[in-house]
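Quick caveat, the model's predicted, so the values are computed rather than measured.
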Amino acid sequence: GLIDFNNSHTTLEGAQNGESLSLENIPAGSYDAIEFGVGVMPSLNAMEPLDFDSENPLSFASNYWASWNSYIFSRIEGNADLDGDGTQEHGFSYHIGGDDRYRVVTYTRNILIDDVVIPRLSFTIDVERLFTDPNAVAGQRDMIDLITEPMSHSNPNDAQAVRIAEFFMDQYQAAMTLD
């Protein structure tokens, strides 16, 4: 399913309310983990919006780069107040896609599904953690610098854009916590 924060997360209240995604037809049983993809798996990423019916999130042409034959998996955009004067004068935009950017995240948790119990799992995404890796070792990239790297569009021909995109996607599992 598509999780789109565009309209609901423009305010603090919207972000705190979060988004919901319901999964149906999961066989009853006891599970010890949940695993899901962040992005579009390569077999689907090889397709185009016209390959899907209009209700499918992959039919949205605004989330597809025809020139790079890829969907946009993650779109982080905003403005920052770098000098603390109350004016958000510095824009940033990170659009990430490409087969090599698809990630699978796994969380270990006992989950019981039956006809009576409908489990609710809550995930929190720490957006700051997408930009920083406090566990990086010497020689590894430890952050995205909004000042010197305010934009990336995963251009496969731009080494810096690829490094930024890889960093963001590698951070998703660390940035998400299962509450």
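Summarising the geometry, atom CZ belonging to Phe92 is positioned 9.0 Å from atom CD belonging to Glu77; distances are rounded to the nearest 0.5 Å. Once rounded to the nearest 0.5 Å, the distance linking CG of Asn135 with CD of Gln171 reads 8.5 Å. Distance check, rounded to the nearest 0.5 Å: OH of Tyr71 to CG of Asn63 gives 9.0 Å. Note: Leu44 CG to Asp99 CG = 10.5 Å, rounded to the nearest 0.5 Å. Rounded to the nearest 0.5 angstrom, Glu149 CD and Met143 CE are separated by 8.0 Å. Residue Arg129 holds its CZ atom at 14.5 Å from OG1 of Thr124, rounded to the nearest 0.5 Å.
Side-chain contact between Arg103 and Gln173 is absent, with no heavy atoms from C-beta onward closer than 4.5 Å. Pro119 places a side-chain heavy atom less than 4.5 Å from the side chain of Ile113. Considering only heavy atoms from C-beta on, Ser93 comes within 4.5 Å of His153 through its side chain. Counting only heavy atoms from C-beta outward, the side chains of Thr177 and Asp179 approach each other to under 4.5 Å. Annotation: side chain of Arg101 is not in contact with side chain of Val38 (no heavy-atom distance under 4.5 Å).
Of all the heavy atoms in Leu130 and Phe167, the pair that sits closest is O-CE2, 3.4 Å. Here the shortest heavy-atom pairing between His90 and Ile147 reads NE2-CA, 3.8 Å. The shortest non-hydrogen separation linking Asp81 to Glu89 is OD1-OE1, 3.7 Å. The two residues Val105 and Met176 have their closest heavy-atom pair at CG2-CE, 3.9 Å. Here the shortest heavy-atom pairing between Ser70 and Gly97 reads OG-C, 3.7 Å. The minimum heavy-atom distance between Ala161 and Ser152, with the atom names listed, is O-OG, 3.2 Å.
Salt-bridge annotation for Arg141 and Asp133: absent, with no side-chain N of the basic residue lying under 4.0 Å from a carboxylate O of the acidic one.
Aromatic ring centroids of Phe52 and Tyr64 lie 6.0 Å or more apart. A ring-centre distance under 6.0 Å is not found for Tyr172 and Phe73.
Cluster annotation: Ile72 and Met169 are assigned to distinct hydrophobic clusters (Ile/Leu/Val/Met/Phe/Trp/Tyr, side-chain heavy-atom contacts under 4.5 Å, transitive). Hydrophobic clustering of Ile, Leu, Val, Met, Phe, Trp and Tyr side chains at less than 4.5 Å, counting indirect connections, unites Ile111 with Phe123. When hydrophobic clusters are built by joining Ile, Leu, Val, Met, Phe, Trp and Tyr residues whose side-chain heavy atoms come closer than 4.5 Å, directly or via intermediates, Ile96 is grouped together with Leu146. Grouping the Ile, Leu, Val, Met, Phe, Trp and Tyr side chains by contacts below 4.5 angstrom, directly or via other members, places Leu121 with Tyr107. When hydrophobic clusters are built by joining Ile, Leu, Val, Met, Phe, Trp and Tyr residues whose side-chain heavy atoms come closer than 4.5 Å, directly or via intermediates, Tyr102 is not grouped with Trp68.
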Donor-acceptor contacts, no H, no angles, side chain residues 24-34, under 3.5 Å, sequence neighbours left out:
| unit_1 | atom_1 | unit_2 | atom_2 | d |
| --- | --- | --- | --- | --- |
| Tyr31 | OH | Pro27 | O | 2.6 |

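Around atom CD of Glu35, more than 12 heavy atoms belonging to other residues, nucleotides or ligands sit under 6.0 Å away. Within 6.0 Å of atom CE in Met47, more than 12 heavy atoms from other residues, nucleotides or ligands are found, so the atom counts as buried in its surroundings.
Side-chain atoms of Asn56 never come within 3.5 Å of backbone atoms of Asp53 as a donor-acceptor pair (strictly under, hydrogens ignored).
Note on ring orientation: taking the six-membered ring where Trp is involved, the planes of Phe168 and Phe131 are perpendicular (angle over 60°, cut-offs 30° and 60°).
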